[in-house]
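Only a predicted model underlies this, so the values are computations on that prediction, with no experimental measurement involved. Each residue takes its place number in the sequence, starting with 1.
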Amino acid sequence: MQFDRNWVESIKERYPAGTRIRLESMDDPYAPVPLGIEGTVDFVDDIGQIHMKWDNNRRLALVPGEDRFSVISRPEQSQLSENETEQFGMKME
């Protein structure tokens, strides 16, 4: 399966780490997260899946185009910079 690099990059820009999301529907009867739960974006992988830290302490990726969700809030610019810094292991204090 091949993915459109531009599409993946747009997903990464739209859903940076720290973005708060509410799950509206997921076509997975075995999903460990209930509909309506909220969570925080951890990262977007190279195939465009949005990896989440759900508020019930479970982790499960969202698949844009298949799962339905809405953005509750986006991270502040300063928080975004901090998260990016942590990604590269260069946290400044």
Minimal non-hydrogen separation, A31 against M26, with atom names: CB-SD, 3.5 Å
Flag side-chain contact, heavy atom, 4.5 Å: F43 against P16: no
Contact summary for P75 and A17, nearest pair of heavy atoms: CG-O, 3.4 Å
Sidechain N-carboxylate O distance under 4.0 Å for D27, R68: no
Taking every non-hydrogen atom, the tightest pair across V33 and L23: CG2-CD2, 3.8 Å
Y15/F69 aromatic ring centres below 6.0 Å: yes
hydrophobic_cluster_shared for V41 and V63, side chain cutoff 4.5 Å: no
Minimal non-hydrogen separation, M52 against G39, with atom names: CE-C, 3.4 Å
Cluster link V71 to L35, ILVMFWY, side chain under 4.5 Å: yes
Check: R14 main-chain N/O paired with R74 side-chain donor or acceptor under 3.5 Å: yes
Backbone of L60 reached by a side-chain donor or acceptor of W54 within 3.5 Å: yes
Separation of Q49 CD from H51 NE2 (nearest 0.5 Å): 5.0 Å
Minimal non-hydrogen separation, G48 against I11, with atom names: O-CG2, 3.7 Å
Lys/Arg N to Asp/Glu carboxylate O, D45 vs K12, below 4.0 Å: no
Between NZ on residue K53 and CD1 on residue I21, distance to nearest 0.5 Å: 13.5 Å
Donor on one side chain, acceptor on other, R20 and T40, under 3.5 Å: yes
Short side-chain to backbone donor-acceptor contact, N56 and E38, under 3.5 Å: no
